[in-house]
Amino acid sequence: MGAFVYQAVDNRGKQKKGVLEADSARQVRQQLREKGWMPLSVEQTSQKQKRGSLFERSPGLSVPELALVTRQLATLIAAGLPIDESLRALSEQTGKQRIKAMILAIRAKVLEGYTLAKALAEYPRAFPHLYRSTVAAGEHAGHLDGVLNRLADYTESRQAADQKIKLAAMYPVILTLVAVGIVSWLLTSVVPDIVEVFMKNGQELPGLTSFMLSLSHFISAWGLWTLGALVIGVIMFNRALVNPAFRRRYHHFLLHLPGIRGFVKEANTARFGSTLAILTSSGVPLVDAMKIASQVVTNMPIQESLSGATVSVSEGGSLHKALDETGYFPPIMLHMIASGENSGELDSMLARTAAQQETALENTVSALVKIFEPLMLLVMGGIVALIVAAIMLPILELQKMVQ
């Protein structure tokens with residue numbers, strides 16, 4: 001039995017789309033005719049994915065959708081339902097045809113004898129390697145429901161952490177845009193109108209006023225061109241990041257940039273630690289867990305150093321020494337991991353240090369935002385003060401001439 005995506009026209013002439021389970025496309029058409037619908041197209045989901053693989057990527061899931069699907073599946077399996085029945089119930093629960101088709105296609109693979117992890121591999125964008133490896137470990141150990149619950153917790157915590165960083169970064173961006181807009185308006189609208197009065201009287205302008213007037217003319221004449229050049233530059237830079245050599249140089253530069261390097265290290269080590277914790281606690285062997293966890297690290301030099309640490313652990317070295325040799329992990333994290341290795345409680349210690357790293361990362365983001373806000377206000381205040389001074393200087397000189 002497989003999942004089929006159909007398009008049909010009902011007895012009122014309205015087009016209908018959906019997903020049905022059947023043994024063949026012919027059976028789906030028969031089911032549609034029994035409803036009084038005219039089938040337009042019926043296609044098995046797996047065949048559709050293979051047909052579109054050259055031009056379309058496999059469907060994916062957003063982080064909230066993945067967390068919800070994982071939590072619901074864990075609840076159903078914990079209630080004692082077989083995996084195939086749990087997947088059927090899950091497909092009936094969702095109201096989105098895209099997700100329903102995906103779940104029914106996974107169920108069809110399970111009915112063919114595939115493990116759940118292998119069936120999930122049909123949709124790598126929806127269920128990444130980390131997810132599938134953790135599910136495979138849970139199936140092997142026989143406690144899939146607990147593993148799925150931990151995966152749901154991990155997915156939700158990752159989403160919450162990323163959301164906090166995005167929201168924290170949004171305020172400085174908005175403040176910068178507002179500041180640039182206000183300064184541009186002052187330079188292009190206020191300064192020329194006021195300075196024009198003094199120019200008509202033949203008064204010689206002070207150096208600061210002349211500079212501001214020249215800057216105003218430049219923004220009026222070339223402002224949009226400059227903005228367009230900046231946009232093109234950002235697009236070209238993003239395209240250049242596709243090149244691994246350029247991306248590695250850029251990531252290496254970030255690791256040596258004052259004020260940024262600490263945040264980059266904390267963000268990547270926190271991501272590695274939390275991922276390693278969920279994998280090892282789910283039963284994934286340490287070396288395999290390190291290989292998978294290193295893939296979620298976004299900075300290339302750190303990722304390469306973790307690959308070397310994985311080799312060291314696979315050859316019999318301890319985890320804390322291998323991570324210490326990378327030079328990127330904080331001492332407190334290394335001490336906690338060493339304690340976990342010595343006491344035989346590495347899983348719980350990894351989870352504890354991952355939580356500690358997440359907290360440290362949030363504190364760093366908060367500190368950066370708190371520093372940026374007064375700094376941006378000072379810069380904006382300084383620029384506005386210069387503009388005011390450029391306007392006031394001719395007035396003061398005119399008063400001196402009158403006196």
Side-chain angles (χ1 to χ4, degrees), residues 63-64 66-68 70-71 74 128 130-131 133-135 137-138 141 143 145-169 261-286 288-299 302-303 305-306 309-310 313 318-324 326-370:
V63 175
L66 180 60
L68 180 61
T70 305
R71 186 76 70 190
L130 159 68
Y131 191 99
S133 298
T134 308
V135 169
H143 48 82
D145 55 334
V147 167
L148 287 173
N149 274 319
R150 281 197 291 271
L151 270 175
D153 291 338
Y154 169 79
T155 305
E156 290 168 353
S157 64
R158 267 264 63 84
Q159 181 198 14
D162 292 343
Q163 195 72 12
K164 286 181 181 178
I165 294 175
K166 289 177 181 178
L167 289 175
R261 57 189 177 191
F263 174 75
V264 173
K265 289 180 181 180
E266 284 187 9
N268 283 275
T269 55
R271 184 179 291 270
F272 175 80
S274 58
T275 306
L276 189 64
I278 180 66
L279 288 168
T280 55
S281 62
S282 300
V284 179
L286 180 59
D288 293 338
M290 290 183 68
K291 290 179 181 177
I292 298 170
S294 63
Q295 295 177 10
V296 305
V297 174
T298 56
N299 188 274
I302 297 179
Q303 188 181 77
S305 66
L306 287 172
T310 304
V313 172
S318 63
L319 176 61
H320 76 277
K321 288 184 178 179
L323 295 180
D324 187 21
T326 65
Y328 296 116
F329 288 82
I332 186 172
M333 186 175 183
L334 297 173
H335 285 302
M336 292 176 71
I337 291 175
S339 176
E341 287 182 302
N342 294 330
S343 62
E345 298 179 355
L346 181 60
D347 295 348
S348 61
M349 199 59 72
L350 278 172
R352 190 176 302 174
T353 188
Q356 187 268 336
Q357 282 293 101
E358 293 285 353
T359 303
L361 178 61
E362 292 176 9
N363 293 337
T364 301
V365 173
S366 300
L368 289 174
V369 172
K370 289 178 180 178

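Each residue takes its place number in the sequence, starting with 1. Only this structure's heavy atoms are used, side chains among them; waters, hydrogens and symmetry mates stay out.
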Spatial distance of atom [atom1] ([X]) from atom [atom2] ([Y]) [nearest 0.5 Å]:
X: Glu156; Y: Leu151; atom1: CD; atom2: CG; result: 11.0 Å
X: Arg150; Y: Ile278; atom1: CZ; atom2: CD1; result: 6.0 Å
X: Asn299; Y: Phe272; atom1: CG; atom2: CZ; result: 13.5 Å
X: Ser133; Y: Ile292; atom1: OG; atom2: CD1; result: 3.0 Å
X: Arg271; Y: Ser294; atom1: CZ; atom2: OG; result: 13.0 Å
X: Leu323; Y: Leu276; atom1: CG; atom2: CG; result: 8.0 Å

Are [X] and [Y] side-chain neighbours, meaning at least one heavy-atom pair lies under 4.5 Å?
X: Thr298; Y: Asn268; answer: yes
X: Leu148; Y: Val135; answer: yes
X: Ser282; Y: Leu279; answer: no

Identify the heavy atoms of [X] and [Y] that sit nearest to each other, and give their distance.
X: His320; Y: Ala338; answer: CG-CB, 3.5 Å
X: Ala152; Y: Arg71; answer: CB-CZ, 3.6 Å
X: Ala137; Y: Val284; answer: CB-CG2, 3.6 Å
X: Thr280; Y: Ala289; answer: CG2-CB, 4.0 Å
X: Ser318; Y: Val313; answer: O-CG2, 4.1 Å

Donor-acceptor pair, [X] side chain versus [Y] backbone, under 3.5 Å?
X: Gln303; Y: Val297; answer: yes
X: Thr359; Y: Ala355; answer: yes
X: Ser274; Y: Ala270; answer: yes

Please step through side-chain contact (heavy atoms from CB on, under 4.5 Å) for the pair Gln357 and Thr269, ending with a clear verdict.
CA-CA 8 Å; Gln357 282 293 101; Thr269 55; 3.1 Å; yes
Worked verdict on Leu350 versus Ile337 for side-chain contact (heavy atoms from CB on, under 4.5 Å):
CA-CA 6 Å; Leu350 278 172; Ile337 291 175; 4.0 Å; yes
Looking only at side-chain N and O atoms, does Thr70 offer a donor or acceptor that is under 3.5 Å from a partner on Tyr131?
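Thr70 and Tyr131 do have a side-chain donor-acceptor pair below 3.5 Å.
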Checking side chain to side chain donor-acceptor pair (under 3.5 Å) for the pair Tyr154/Thr134: CA distance, chi angles, key distance, verdict?
CA-CA 11 Å; Tyr154 169 79; Thr134 308; over 6 Å; no
Evaluate the criterion side-chain contact (heavy atoms from CB on, under 4.5 Å) for residue pair Leu306 and Phe329; output intermediate values, then yes/no.
CA-CA 11 Å; Leu306 287 172; Phe329 288 82; 3.6 Å; yes
Take atom CZ in Arg352; do more than 12 heavy atoms of anything else shown fall under 6.0 Å from it?
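Open: at most 12 neighbouring heavy atoms sit under 6.0 Å from CZ of Arg352.
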Could you go through the side-chain contact (heavy atoms from CB on, under 4.5 Å) check for Leu319 and Met290 one step at a time?
CA-CA 10 Å; Leu319 176 61; Met290 290 183 68; 3.6 Å; yes
